[in-house]
Enquirer: 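One structure follows; several queries about it will come next.
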Amino acid sequence: MTVNFIRNPDLTINIGKIKLKNPVIVASGTFGFGEEYEDFLNLNHLGAIIPKGISLKPMVGNPPPRIFETESGILNFIGLQNPVLQDFIKNKLPHFKNIKTNLIINFFGNTQKEYTELARCFDGVPGISGLEMNISCPNVERGGMAFCSEPKIVYRLVCAVRKSTKLTLIVKLSPNVTDIAAIAKSAEEGGADAVSLVNTFKAMAINIRSRKPELGNIIGGLSGPAIKPIALRMVWEVSQTVNIPVIGMGGIMKTEDAIEFILVGASAVQIGTANLVNPRTAIEVIQGIKHYLIQNKMPRIQKLIGLFKN
Ligand SMILES: Cc1cc2nc3c(=O)[nH]c(=O)nc-3n(C[C@H](O)[C@H](O)[C@H](O)COP(=O)(O)O)c2cc1C
């Protein structure tokens, strides 16, 4: 039977063992712990929430200024100021019990041991749907960059973390590498259930009056509309290389941007910087994707993934 009119397209997507009610996730570091956004939108409608990255040991973050607005994006140098594991489980996690969406934990370590220990600690904690392992932060001096840029190291690290948890494991990739598809392949071979990309691009801005950097430590990470075309290219390359789901992000500000990422192969998308401009972006994108499917007479979001014609 041909479907002529679709009222309620199926937006559900599976990422490993995680069932998303729609493919729209709010990105780590840009949505606090969810509660900060409760006045603006119904969190139950989101595909998933990914809070700020969690570490084993406390990190104070970097000296200010930590955020600088550029013409078409923001430069941040937060340096992973964040709650540590026990603090998160005790003080933040209980709040998520009342929210009917997936909670995906973003975490990072300075050593392989820290990564595996964190993964083990979250395994089996009620209320956690999956893990997003950040091997990509450009703002931490130790660990982050070294882990992200060498396929063999990524493979070893992901293998070790894989053995430490039964939770769905998403590996978040850095764009600051020569061949992101090779890194994604290593993550897949190491046992990742999915990859997410991209994190921020290393960038800088200077003040011509003071002749000093706009950020506390000269170099920070660029996000927002400026990075979208590059992120899109990377998501396309990775989608053609791996057989696991790809979660795309980088400068998604509106529905059309999200659809571009899905067309080049993303099974789901993350909204980051846009949350800081319009806190309702994720909800608007969910509605927009639904309308696009209705207009194009598509009964399921699955049908849209990778439909890009080249
Ligand atoms: C202020 C800020 C803080 C961030 N903190 C984290 C973090 O803790 N962990 C992480 O994996 N990514 C972090 N990110 C990166 C975002 O999750 C996302 O990958 C990146 O900003 C690109 O998407 P966007 O252009 O939609 O913002 C942060 C980004 C911003 C702007």
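All ligand and atom numbering here is 1-based and tracks the order in the structure. All values below were derived from every heavy atom in this structure, side-chain atoms included, with hydrogens, water molecules and symmetry-related copies excluded.
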Enquirer: Are any of the side-chain nitrogens in Glu188 or Lys185 under 4.0 Å away from the carboxylate oxygens of its partner?
Expert: yes
Enquirer: Show me which atoms of ligand 1 lie under 4.0 Å from any heavy atom of Ile227.
Expert: 25 (O)
Enquirer: Take every heavy atom of Ala274, measure it against each atom of ligand 1, and state whether any distance is under 4.0 Å.
Expert: no
Enquirer: Is Arg120 salt-bridged to Asp123, cutoff N-O under 4.0 Å?
Expert: no
Enquirer: Which atoms from ligand 1 have a heavy atom of Thr273 less than 4.0 Å away?
Expert: 24 (P), 25 (O), 26 (O), 27 (O)
Enquirer: Can you tell me if Val198 contacts ligand 1 (heavy atom of the residue under 4.0 Å from the ligand)?
Expert: yes
Enquirer: Is Arg66 reaching over with its side chain to a backbone N or O of Gly216, donor-acceptor style, under 3.5 angstrom?
Expert: no
Enquirer: Do Asn106 and ligand 1 have an N or O pair less than 3.5 Å apart?
Expert: yes
Enquirer: Relative to ligand 1, is Lys172 under 4.0 angstrom through side chain, backbone, both or neither, heavy atoms considered?
Expert: side chain
Enquirer: Which of the numbered atoms in ligand 1 are under 4.0 angstrom from any heavy atom belonging to Lys52?
Expert: 3 (C), 4 (C), 5 (N), 6 (C), 7 (C), 8 (O)
Enquirer: Asn199 heavy atoms, cut-off 4.0 Å: which ligand 1 atoms fall inside?
Expert: 10 (C), 11 (O), 12 (N), 15 (C), 19 (O)
Enquirer: Using a strict 4.0 Å cut-off to heavy atoms of Asn134, name the atoms of ligand 1 that fall inside it.
Expert: 9 (N), 10 (C), 11 (O)
Enquirer: Does CD1 belonging to Ile206 count more than 12 external heavy atoms closer than 6.0 Å?
Expert: no
Enquirer: Heavy-atom contacts with Gly251 under 4.0 Å: which atoms of ligand 1 show up? List them by number with element.
Expert: 24 (P), 25 (O), 26 (O)
Enquirer: Anything under 30° is parallel, anything over 60° is perpendicular, the rest tilted; go ahead and classify Phe88 against Phe96.
Expert: tilted
Enquirer: Looking only at non-hydrogen atoms, which of Gly272, Gly29, Ser28 approaches atom 16 (C) of ligand 1 most closely?
Expert: Ser28
Enquirer: Evaluate the ring planes of Phe107 and Phe122, with Trp represented by its six-membered ring, and classify them as parallel (under 30°), tilted (30 to 60°) or perpendicular (over 60°).
Expert: tilted
Enquirer: Any nitrogen or oxygen of Gln270 lying under 3.5 Å from a nitrogen or oxygen in ligand 1? Just yes or no.
Expert: no
Enquirer: Taking N or O atoms only and a 3.5 Å limit, does Gly224 qualify as a polar contact for ligand 1?
Expert: yes
Enquirer: At less than 4.0 angstrom from any non-hydrogen atom of Thr200, what atoms of ligand 1 do you find?
Expert: 20 (C), 21 (O)
Enquirer: Measuring from atom CG of Asp179 to atom CD of Glu237, what distance do you get when rounded to the nearest 0.5 angstrom?
Expert: 7.5 Å
Enquirer: Indicate yes or no: does Asp193 engage Arg162 in a salt bridge with an N to O separation below 4.0 Å.
Expert: yes
Enquirer: Give me the atom names and distance for the closest heavy-atom approach of Val235 to Ala266.
Expert: CG1-CB, 4.1 Å
Enquirer: Does any N or O atom in Ile67 lie less than 3.5 angstrom from one in ligand 1, N or O only?
Expert: no
Enquirer: What atoms of ligand 1 come closer than 4.0 angstrom to any heavy atom of Gly250?
Expert: 23 (O), 25 (O)
Enquirer: Quick one about Ser196 and Glu132 (side-chain donor to acceptor, distance below 3.5 Å, no hydrogens or angles considered), yes or no?
Expert: yes
